[in-house]
Engineer: 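Below: one structure in structure tokens.
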Amino acid sequence: MSSTDNLQDIPKHYDPSETEDKWYSYWEENNYFHSEPDDRESFTVVIPPPNVTGVLHMGHMLNNTIQDVLVRRARMKGFNTCWVPGTDHASIATEAKVVQKLRNKGIKKSDLSRDEFLKHAWEWTDEHGGIILQQLRKLGASCDWQRTRFTLEDELYESVIDCFIELYDRGYIYRGQRMVNWDPAAQTALSDEEVIHKEVQSKLYHVRYKIKDSDEYITIATTRPETILADTAVCVNPDDERYTHLIGKTAIIPMVNREVKIIADDYVDKEYGTGCLKITPAHDQNDYEIGVKHGLEIIDMLNADGTVAEVAGHYIGKDRFEARKLIVKDLEKQESLVKVEEMANKVGYSERTDAVIEPRLSLQWFCKMDELSKPALDNVMNDEIQFHPAKFKNSYKHWMENIRDWCISRQLWWGHRIPAWYYGDGEEEYVIARTAEEALEKAKEKSGRSDLKESEIHQDEDVLDTWFSSWLWPMSVFDPDFIKNKKGNKELEYYYPTQDLVTAPEIMFFWVARMIMAGYAFTDEKPFSNVYYHGIVRDEKRRKMSKSLGNSPDPLKLIEKYGADGTRVGMLFASPAGNDLLFDEALCEQGRNFSNKIWNAYRFLTMNMEKGVDYNPTTIIDPKNVADKWMMGRIQTTLREMEDDFSKYRLNEALKKIYSLVWDDFCDWYIEVCKADQYGENMPKENLERALGFFEMLMKMLHPFMPFITEEIWQRIQERSTEEALTISSWPEMQDELHRDSVSIFQTVQTQISSIRNIQAEMNLSPKAELNIIIKPKNGELSEQLESAEWVFRKLLPVESISFDVNADKPKASAASVVDGSEIYVPLEGLIDLEIERDRIQKEIDRLTGFLKGVEKKLSNAGFVNNAPEEVVEKERQKKEDAEMNLEKLTKQLEEFQA
RNA sequence: GGGUUCAUAGCUCAGUUGGUUAGAGCGCAUCGUUGACAUCGAUGAGGUCGGCAGUUCGAAUCUGCCUGAACCCA
């Protein structure tokens, strides 16, 4: 019941800062977002965990707004809704930040022990960790905060170790010497996914190698001349006639004067460069493969930090890029440099440190992908797991089919330490174990050395790729022991599989694909049913928003300026499913304006309340009131349309519909017709109660998008107990009755009113000048219907008199128009500008004539009439008839003017 | 180099199985402020749907080619 007893002056402008924190605290205090398993159906979402030390950026904002909309709607639809928040440890990113921080304090990582370093890392995490989770509350995210998880917390740490051991036991994890992507800045191996290939302008150096015992030279082309020092062969295509005579001969590498064989292999592209390839097996993936095939020597000339190693013989200790400059000069001096070509070239960069990736041969841990990927591919292709939009299935498929084994070890300390223990230097001299004790036992067994001591074994120094922990996320957040126990606990049973995963396509391979693999590997089930991919947030110049470019607004400042509601609306407006989002602050402004519109609608209703009177909002409509039935019909139709939009994850479409329903239908039309007949009078009580009833429905429909203002209005309309908060209320029921007839009549009235307003505008009439309106409906039935809606005309137009008469004559000197067969006359004695009026009518006649021509052309086409479905033809006939009727009336109107 | 996606109003995008006079928001123009909201209202002007050819009675929608853009993979 709404009472005006404590009615205060409501400010003209809505101020989100006064409501948003208040309601978020209220929601949290009442634990609305916490979920426990019960007999309802579950709706589960796990957050894509942001970096523990990260701060909220625009991408997070979009990502979490979308999740919150889905989650809030599900909650209102009666699901037991659980949105699990958390963060990941972001191994390489966090470690880089900690190293930097220590460096600023003059401490080198290499001077610290592992434990000392980790102490610093945890300090950093405790200091910065969770800031982002606090920021999500500002956005309105309705997460179950009691379930907050962190990938490096003890329980989840254990899951990752369990996972490693389980996969090792199944034969999926192996250790091996392979060419990996080496990040010389972070000094760690990376997975293929962490390498970003960028096109850069580089130089192709043509360098000639002397042929031994001959005056001849062979010229190779390379973009990396410094690696010449590690060349162990020169290779040509066996079909390349230019070089056949040299195959089997010996070339002399300049600078180092090493003698190497000239070999032949199909791999060499005759067209590229000189058609002659230098082979450096230690520093290039393809060269490595050729090296293995031809049994070539492998010379590793680079240190882990990208400087030149002693074995190179020259430029020792210099950085690889400096060495490149130096060797070019020296080759030129020696007259070995033939020419330098400019060319565009793709170079791999580290996703995290932006260092140029060095292919490097090293001993790493890998996870086999062929079997794990099989169910992951099948269940996406058969839509057991649905991708929205579905177009992303293509790139998923392509990646899955070409997947290579995953390098999971990282030469870092911040992360899950690999549970491998070595008892010797041999490649196979290790055991996999959870603890040192267990390792010792296993090592004794494997080595046959029963006297082995704990001090003689040591654990692998490396940690696992962050994604090797994140891929367990949808399972481990509910049950960290699920792998160890080979079966999930009650929580996992209840919440898993989760429903929706919301993320960006750029991490489809990093995370989504791997979660799906882990899901099937450990639970035999999908981790989620739907994956909604949203776009990347870009600025108005289509540049990706980034800190370094400085083109990203601070999300919290936006929230301060436009409110969380306004900002959410702004983000969603710009966000068609799956497409990139061109963010424009103006959209947040539009969102804020919308908040203000809602606020003022409420304010207006309040201003119509009598002091001391109680109002009971109702949605029971007056069956005689065409406006009520129209409004209810519009709400019902919109509910259906939103249902459809949500089923297709078209959130922005759903938002646009409720936005338009509130603003255009409710504010611009419904409230207007509810107003009192006379200025200064209050709205009739029953009108107000129905308006409030509708308003409540609208607030429900809008709540997932704009949680704060809707709760504020909801709580203002009536006193509510803690069980009655909007956040935990139910979504409006869909009714079968759509009030189609009333909607149609009301829409006719709307069109006629607009047409009369057009006359007002075109004739330059004062909007207040009272009009005498004569409407000549196209038939008697419509006449009666319009007559019963006369009051609507009177509410929305300045009416002196209005009549509905199928036999009406057009008064002289009146403006006229035709709306769907009905004629409208507005006598304007003395006010009318004949010329303008004639032009107005002529314009309409021209338009209709053109239209009619098209329709007639269709109908005179025998092919059309014979082949098109009957209903389509019938529709065209109807169009023709209507157009002719309207045209006839307009022509007559025009004639009368000329008379 | 391989693959995917896209091209509709000045801008950002709808247009779901081929049958609309091709829509929306923003922006723009004109008018309007004595009690809901100028963070507002009313009205209006903007498009030969990238180009060419084809299929069809009928193409923004289907096919091919061309041009241009974006993304992914190597």
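Here is how names work: the chains are called A, B, and so on, in the same order as the sequence lines, proteins then strands, and each is numbered from 1. Here the structure is a predicted model, which means the values were calculated and not measured.
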Engineer: Are the side chain of N861(A) and the backbone N or O of K857(A) linked by a donor-acceptor pair below 3.5 Å?
Structural biologist: no

Engineer: Between U48(B) and G10(B), how far is it from one P atom to the other, in whole Å?
Structural biologist: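 To the nearest whole Å, 8 Å.
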
Engineer: Could you give the CG-to-C1' distance, from N866(A) to U56(B), as a whole number of Å?
Structural biologist: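 Between C1' of U56(B) and CG of N866(A): 15 Å.
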
Engineer: When every nucleotide of nucleotides 28-41 of chain B is labelled 5' to 3' by its protein contacts under 4.0 Å (heavy atoms), B for base, S for sugar-phosphate only, - for none, what sequence of letters results?
Structural biologist: -------BBBSBSS

Engineer: With the sugar-phosphate defined as primed atoms, P, OP1 and OP2, and the base as all remaining atoms, what B/S/- string results for nucleotides 15-26 of chain B, 5' to 3', for protein heavy atoms under 4.0 Å?
Structural biologist: SB--BSB---SS

Engineer: Check the phosphate of G3(B) against N394(A), side-chain N and O only, distance under 4.0 Å to OP1 or OP2. Yes or no?
Structural biologist: no

Engineer: Measure from the ring center of F666(A) to the ring center of F694(A) and say whether it is less than 6.0 Å.
Structural biologist: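 Judged by ring-centre distance (under 6.0 Å), F666(A) and F694(A) do not meet the cut-off.
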
Engineer: Taking the same atom, C1', in A9(B) and in G15(B), what whole-Å distance lies between them?
Structural biologist: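 Taking atom C1' in both A9(B) and G15(B), they lie 14 Å apart.
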
Engineer: Could you tell me how far apart I403(A) (CD1) and C72(B) (P) are, to the nearest whole angstrom?
Structural biologist: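 Spelled out: CD1 on I403(A) to P on C72(B) is 18 Å.
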
Engineer: When rounded to the nearest Å, what value does the distance between P atoms of A60(B) and G51(B) take?
Structural biologist: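 Here A60(B) and G51(B) have their P atoms 11 Å from each other.
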
Engineer: Tell me whether the rings of F573(A) and Y659(A) are parallel (<30°), tilted (30 to 60°) or perpendicular (>60°).
Structural biologist: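 Perpendicular, since the angle between the ring planes exceeds 60°.
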
Engineer: Using the ring of each side chain (for Trp, its six-membered ring), is W669(A) parallel, tilted or perpendicular to F746(A), with breaks at 30° and 60°?
Structural biologist: perpendicular

Engineer: Mind checking the C1' distance from U21(B) to G58(B)? Whole angstroms is fine.
Structural biologist: 16 Å

Engineer: Tell me which of E653(A) and A761(A) sits closer to the 5' end of RNA chain B, going by the nucleotide each one is nearest to.
Structural biologist: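 Result: E653(A).
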
Engineer: Quote, to the nearest angstrom, the C1' distance that separates G46(B) from C26(B).
Structural biologist: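 That atom pair is separated by 14 Å.
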
Engineer: For the pair made of NE2 in H197(A) and C1' in G2(B), what is the distance, rounded to whole Å?
Structural biologist: 14 Å

Engineer: If you look at every strand shown and take non-hydrogen atoms under 4.0 Å, does S595(A) touch a base, only sugar-phosphate, or nothing?
Structural biologist: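 Nothing: the residue S595(A), judged by heavy atoms under 4.0 Å, touches no strand.
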
Engineer: Measure from NZ on K393(A) to C1' on U4(B) and round the result to the nearest Å.
Structural biologist: 14 Å

Engineer: Could you state the atom-to-atom distance from CG of D580(A) to P of A70(B) in whole Å?
Structural biologist: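 Interatomic distance, CG of D580(A) to P of A70(B): 12 Å.
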
Engineer: Do N886(A) side-chain atoms and G821(A) backbone N/O form a donor-acceptor pair below 3.5 Å?
Structural biologist: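 Yes, because the side chain of N886(A) sits within donor-acceptor range (under 3.5 Å) of the backbone of G821(A).
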
Engineer: With K685(A) as the cation and Y615(A) as the aromatic partner, state whether NZ or CZ is under 6.0 Å from the six-membered ring centre and within 45° of the axis.
Structural biologist: yes

Engineer: Using a 3.5 Å limit for the pairing distances, which stems of at least 3 consecutive Watson-Crick or G-U wobble pairs does RNA chain B take part in?
Structural biologist: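 Consecutive-pair runs (3 or more) involving RNA chain B: B:1-7 with B:67-73, B:10-13 with B:23-26, B:28-32 with B:40-44, B:50-54 with B:62-66.
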
Engineer: For the pair R840(A) (side chain) and A816(A) (backbone), establish whether a donor and an acceptor sit closer than 3.5 Å, ignoring hydrogens and angles.
Structural biologist: yes

Engineer: Please report, rounded to the nearest Å, how far the P atom of A14(B) is from the CE atom of M642(A).
Structural biologist: 19 Å

Engineer: Centroid-to-centroid, F392(A) to F387(A), below 6.0 Å?
Structural biologist: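 No, they do not, as the ring centres are separated by 6.0 Å or more.
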
Engineer: Give a yes or no answer on whether the side chain of D539(A) reaches the backbone of R542(A) with a donor-acceptor pair at less than 3.5 Å.
Structural biologist: yes

Engineer: Say we look at U61(B) and A7(B): how far apart would their P atoms be, to the nearest angstrom?
Structural biologist: 11 Å

Engineer: Need the glycosidic conformation of G54(B): syn if within 90° of 0, anti if not. Which one?
Structural biologist: anti

Engineer: Send over the distance from I536(A) CD1 to U5(B) C1', rounded to a whole Å.
Structural biologist: 13 Å

Engineer: Side-chain N or O of R542(A) versus OP1/OP2 of A69(B): is the shortest distance under 4.0 Å?
Structural biologist: no

Engineer: In whole Å, measure the gap between the P atoms of G50(B) and C6(B) for me.
Structural biologist: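 Comparing P positions in G50(B) and C6(B) gives a spacing of 13 Å.
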
Engineer: With rounding to the closest Å, how many angstrom separate the C1' atoms on U8(B) and U34(B)?
Structural biologist: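 These two C1' atoms come out 46 Å apart once rounded.
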
Engineer: Is it true that the NZ or CZ of K391(A) lies under 6.0 Å from the centre of Y533(A)'s six-membered ring and within 45 degrees of the ring axis?
Structural biologist: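 Judged by the rule, K391(A) and Y533(A) form no cation-pi pair.
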
Engineer: Does NZ or CZ of K198(A) come closer than 6.0 Å to the centre of the six-membered ring of Y349(A), within 45° of the ring's axis?
Structural biologist: yes

Engineer: Rounded to the Å, how far apart are F509(A) CZ and A74(B) C1'?
Structural biologist: 13 Å

Engineer: Taking the six-membered ring of W406(A), is NZ or CZ of R514(A) closer than 6.0 Å to its centre and within 45° of its axis?
Structural biologist: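 Pair R514(A)/W406(A) counts as cation-pi.
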
Engineer: Could you tell me whether E871(A) atom CD has more than 12 heavy atoms of other residues or ligands within 6.0 Å of it?
Structural biologist: no

